[in-house]
Peer 1: 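Once you've had a glance at the structure underneath, I'll fire off some questions.
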There are 2 protein chains.
Amino acid sequence: MRSYKHPAIEDVRLEDVFYALSDPVRLEIVNRLARKGEATCAALDGGRPKSSMSHHFRVLRDAGLVQTRNEGVQAINSLRRDELDRCFPGLLAVVLTLAA
Amino acid sequence: MRSYKHPAIEDVRLEDVFYALSDPVRLEIVNRLARKGEATCAALDGGRPKSSMSHHFRVLRDAGLVQTRNEGVQAINSLRRDELDRCFPGLLAVVLTLAA
DNA sequence: TCGCATGTTCTAGTTTATACGAACAAATGA
DNA sequence: TCATTTGTTCGTATAAACTAGAACATGCGA
């Protein structure tokens with residue numbers, strides 16, 4: 001459980017972001033992270049297996065939406081708000097408004 | 001070449017819209033339609049085969065993004081701007097700004 | 001009526017997701 | 001040191017997408 005790859009936000013394509021958001025589970029994750037600020041993977045599984053959640057978080061990381069850091073034994077996830085706002089101004093706000 | 005299925009905009013889920021926009025070809029189509037207002041399928045193929053374009057337009061229709069009507073032998077496509085703005089306020093504007 | 005143009009539908013092939021169990025890695029605490 | 005917890009990685013099975021050719025339907029003009 002160590003070393004996550006986070007792409008430079010400039011390398012993220014708009015299509016990648018849309019793709020990441022096209023799955024209900026991931027859209028829910030983004031929505032929850034926006035409200036909670038941070039959350040572990042386990043806190044957001046809906047009874048889904050760990051491997052499935054790990055997969056979805058990875059897609060979100062690859063799309064530049066989520067950043068993950070380790071804290072002890074757990075992984076803390078949060079949105080890359082500032083960077084997203086800089087590179088895709090307005091997008092996150094609309095997504096969070098509509099997904100709420 | 002007749003009778004297209006256009007879902008009621010209320011039945012369209014946000015994920016469906018994101019999914020439709022997650023393909024570069026389709027994002028390009030949406031972008032072009034926004035500028036041109038209307039266009040036939042043939043006008044927007046980039047040398048791609050007709051069947052591929054037909055597929056992408058169908059995905060866009062199913063996601064509520066595009067409406068198609070027949071005019072003689074050709075199919076005229078356009079964005080469902082007003083309906084999208086009503087059901088997903090702000091979304092199209094952001095998409096078109098960022099995809100430009 | 002015949003031929004042409006525009007798209008759709010069908011089908012197949014290849015690729016790409018998704019889901020999930022099992023094995024594994026790392027950190028923590030007993 | 002050993003068991004526990006959290007999450008990753010691997011392998012595999014199933015489902016869905018993308019691409020594209022071929023056949024087909026429709027409308028129009030010659």
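Protein chains get the first letters and strands the later ones, always in sequence-line order, with residue 1 at the start of each.
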Peer 1: Return the value, rounded to whole Å, for the distance between atom CG of A:D45 and atom C1' of D:dT6.
Peer 2: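 Atom CG in A:D45 sits about 11 Å away from atom C1' in D:dT6.
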Peer 1: Looking at every non-hydrogen atom in both residues, tell me the closest pair between B:D23 and A:E15 and how far apart they are.
Peer 2: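 Answer, listing the atom of B:D23 first, then A:E15: C-CG, 4.3 Å.
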Peer 1: Given atom CZ of A:R69 and atom C1' of D:dG7, what is their separation to the nearest angstrom?
Peer 2: 15 Å
Peer 1: Roughly how many Å is it from CE in A:M53 to P in D:dT8, rounded to a whole number?
Peer 2: 10 Å
Peer 1: B:E38 and B:L33: which non-hydrogen atoms are nearest, and at how many Å?
Peer 2: C-CD2, 4.2 Å
Peer 1: Below 4.0 angstrom, N of the basic side chain to O of the carboxylate: do A:R13 and A:D16 qualify?
Peer 2: yes
Peer 1: Give me the atom names and distance for the closest heavy-atom approach of B:L60 to B:A20.
Peer 2: CD2-CB, 4.2 Å
Peer 1: Check every atom of D:dG7, C:dG21, C:dG7 against the side chain of A:P49 and return the nucleotide holding the closest atom.
Peer 2: C:dG21
Peer 1: For every nucleotide of nucleotides 9-15 of chain C, 5' to 3': is a protein heavy atom under 4.0 Å from its base (B), only from its sugar-phosphate (S), or from neither (-)?
Peer 2: B------
Peer 1: I need the residues from residues 19-38 of chain A with at least one non-hydrogen atom less than 4.0 Å from DNA chain C; give them sorted by number, or say none.
Peer 2: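 Within this stretch, A:Y19, A:D23, A:R26 sit under 4.0 Å of the strand.
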Peer 1: Quick one: A:Y4 OH to D:dG7 C1', roughly how many Å, whole number?
Peer 2: 6 Å
Peer 1: Just the rounded figure in Å: distance from P of D:dG21 to CZ of B:R48.
Peer 2: 13 Å
Peer 1: Report the distance from atom CD of A:E71 to atom P of C:dA26, rounded to the nearest whole Å.
Peer 2: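 After rounding, the gap between these two atoms is 19 Å.
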Peer 1: If you compare all heavy atoms of B:V12 against all heavy atoms of B:G64, which two are closest, and at what distance to 0.1 Å?
Peer 2: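 Nearest heavy atoms, B:V12 then B:G64: CG2-CA, 4.0 Å.
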Peer 1: As a test of reading the structure: which of C:dA19, D:dT5, D:dG27 is closest to the side chain of B:V73, going by heavy atoms?
Peer 2: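 Per side-chain heavy atoms of B:V73, the pick is D:dG27.
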